[in-house]
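One structure is given below, encoded as structure tokens.
Along the sequence shown, the residues carry numbers beginning at 1. All values derive from a computational prediction rather than experimental measurement.
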Amino acid sequence: MLAAAAALLCGYPVCHLAASLPPAAGLAATLGPLWNSLWTSAVSSVAASFVGMAWAVGLTGCARRGRAALHATSLLPLFTPPFIGAFALGDAYARAGLLDQLAHVHAGWLYGPWGVTAALTIHAAPIGYLSGLTALAAMNVEPMWAARSAGAGWLRAFWAAFRPVALRPLVAAWSLSFAFALGDFGIPYELGEPSGFRTAATSIFANLSTGGTQDFAQAAWQALELMAVGALAVIASRAATGRPPGLGTSAPGPAILPLFPKGARIASLALYGLYVAATSAFPLSAVLLTALTRAYGLPPTPANWDVAGMFSPLVSAWPMLVHTVVLAAVAAAVIGLLGLVAAEVVPVSRAARAAHVAAWLPYAAPGTAVAVAILVAFGHALYGTWWILGLAYVAKFYGLTDAVVAARRNAPVEAWRAARSFGGGPFAAYGAAIWPAIRPAVRQVALQALMSGLYEVTLASLLYGPNTQTIAVNVLSASEGGDVRTVAVLAVWMTAASFALGLLALREPRRRRSQGLSPLRMAVPSAPLEEVRLG
């Protein structure tokens, strides 16, 4: 079953795409967008890795109480759909945005390459934050205390203990952030296209939109280029860390760092508060005000608010809303089932591990590249149907199952043997011994797949047919048509749904809390992070 999934999700589409490539006559035209993708991805991934790890260290040393709230706040950019996050930044800081209306100040560079790079950094910073938590969990604090007792300063003592365990999570954060930035479509489309700055992902979308033979040939070459670059980044990360991809991270456990001095704590929390306000709170507030205001361009004061207008776009788009929910739920259920299968066979079979890694590769590939590969392989038979969208969703998000595989490795074998020795059948023993250990990971993977499917815009915009539109396609169409208020209204509801699912994934069930079990709060698959501690 796993081998069939690997062949269907990755093997056949990629091989079919490579075999059907047209002559490389126009290949030179693809190098400019590819270079734009490479340098923006490299800069943003490095910045996101260091910024996120700095916040992990800073917040761990700043507070003991309220760590759960700080943890959730640090992950908000990860829960925000990238397209909506970029739209929110433009609505807040660009010309005629909320800051321009309030203080007559705007960021003229936002629509362009540096705006794209900044937005990619903000969205990927939680990945560095989770990697920093992984490094802190693996850090041996004894060298730090030894250095402190020998007269070393706090920073020097901390670095002596933190440096040996920081490299692998840092490389993991970089590789995952790079893969995300390389394939993101929403951010460069929203902040790059208005200024003429085009990346490989937006170039593929533009080429497929024109419908010409030469344009489709360029899109196919660009898709293969992006897949190759993403695979090279993952292989380099795996070679540097020596671990298989996709082991995820756990929630912040008991802090091992001593608290910072009071002045440093106040300064760090104040700086973090400004960062959250500038990157999340103010932009999302700008989107909410735009959605409430009855016409774009009016001052966003209560006198111009139209609360009923917050619901009219949902009423008119209810078929697309139903399509989105059903498609995301079915994809999440299939991914959860495949995760259970992979969890049983990957630890005991070399062939299963190879199939799992092959099926996992589309997760690290850009969504536009996955869409082109699926379109070339199955478009003649499935285009315009729900089957091609469902197949693309499962292929793209299968990598989330790594959290289930990691949880299964940590499940107690003794409980299984005890259940079998007392006469329990295979399924009864599985339900009594294995399922309780992996249920939190399965729940989390299903919620993450559902959240990703609700706001997925890249696959949906390239593979939808006349009767298979999703709400993300409606948002993109409204953006192309200049209907800013409709975009803002739908963005508010999509972000609220995404936040609800993300926070639900962070919330530990009461039964688990009462048993004192360690939670798996947020898994970040497709990166060779440290081992997950479960149960």
Side-chain angles (χ1 to χ4, degrees), residues 1-2 5 71 75 127 130-131 133-134 137-138 168-169 172 176 241 243-253 332-349 352-353 355-357 359-360 363 394 397-420 426-452 501-502 504-535:
M1 184 175 179
L2 195 62
H71 182 63
L75 297 176
I127 300 174
L130 290 170
S131 298
L133 293 181
T134 301
R168 286 181 176 176
L176 184 55
T241 59
R243 290 181 181 270
L247 293 183
T249 67
S250 60
V334 173
I335 289 170
L337 176 62
L338 289 176
L340 291 175
V341 174
E344 294 305 313
V345 297
V346 167
V348 298
S349 169
R353 286 194 292 271
H356 176 67
V357 172
W360 167 88
Y363 184 83
V394 174
F397 303 131
Y398 173 84
L400 294 168
T401 60
D402 272 331
V404 183
V405 176
R408 179 64 178 90
R409 286 197 188 99
N410 293 276
V413 181
E414 294 77 9
W416 160 268
R417 292 173 178 169
R420 293 289 285 156
F427 291 102
Y430 184 88
I434 305 301
W435 176 245
I438 66 173
R439 178 167 46 191
V442 175
R443 169 181 173 271
Q444 183 189 48
V445 165
L447 288 173
Q448 286 184 264
L450 181 61
M451 178 177 63
S452 301
L501 290 173
L504 185 61
L506 292 178
R507 182 182 176 273
E508 190 64 17
R510 182 178 301 175
R511 180 189 59 82
R512 298 271 301 176
R513 292 199 305 268
S514 65
Q515 294 176 358
L517 299 178
S518 301
L520 175 69
R521 296 296 183 120
M522 172 54 64
V524 178
S526 68
L529 304 180
E530 301 294 329
E531 285 288 351
V532 183
R533 293 187 176 89
L534 294 174

Exercise for the section: Could you tell me whether the side chain of Val346 reaches within less than 4.5 Å of the side chain of Leu2, counting heavy atoms only? Expected result: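 Side chain of Leu2 against side chain of Val346, heavy atoms only: contact under 4.5 Å found.
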
Exercise for the section: May I ask you to test the His356-Val345 pair for a side-chain heavy-atom distance under 4.5 Å? Expected result: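 Side-chain contact under 4.5 Å: no.
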
Practice task
Quick one: list whatever passes side chain to side chain contact (heavy atoms under 4.5 Å, CB included) with Ala332, sequence neighbours left out.
Solution key: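 Only Ala449, Leu450 meet the side chain to side chain contact (heavy atoms under 4.5 Å, CB included) criterion with Ala332.
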
Problem - Partner residues of Ala446 under the side chain to side chain contact (heavy atoms under 4.5 Å, CB included) criterion, sequence neighbours left out - result: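 Listed in chain order: nothing, the list is empty.
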
Over all heavy atoms of both residues, which pair between [X] and [Y] is shortest? Give the atoms and the distance, please.
X	Y	answer
Tyr363	Phe397	CD1-CA, 4.0 Å
Ala342	Tyr398	CB-OH, 3.6 Å
Gly339	Val404	O-CG1, 3.6 Å
Ala403	Ala441	O-CB, 3.7 Å

Measuring from atom [atom1] of [X] to atom [atom2] of [Y], what distance do you get when rounded to the nearest 0.5 angstrom?
X	Y	atom1	atom2	result
Gln444	Arg439	CD	CZ	14.5 Å
Leu340	Ile335	CG	CD1	12.5 Å
Met1	Leu337	CE	CG	4.5 Å
Arg408	Thr401	CZ	OG1	14.5 Å
Leu130	His71	CG	NE2	6.0 Å

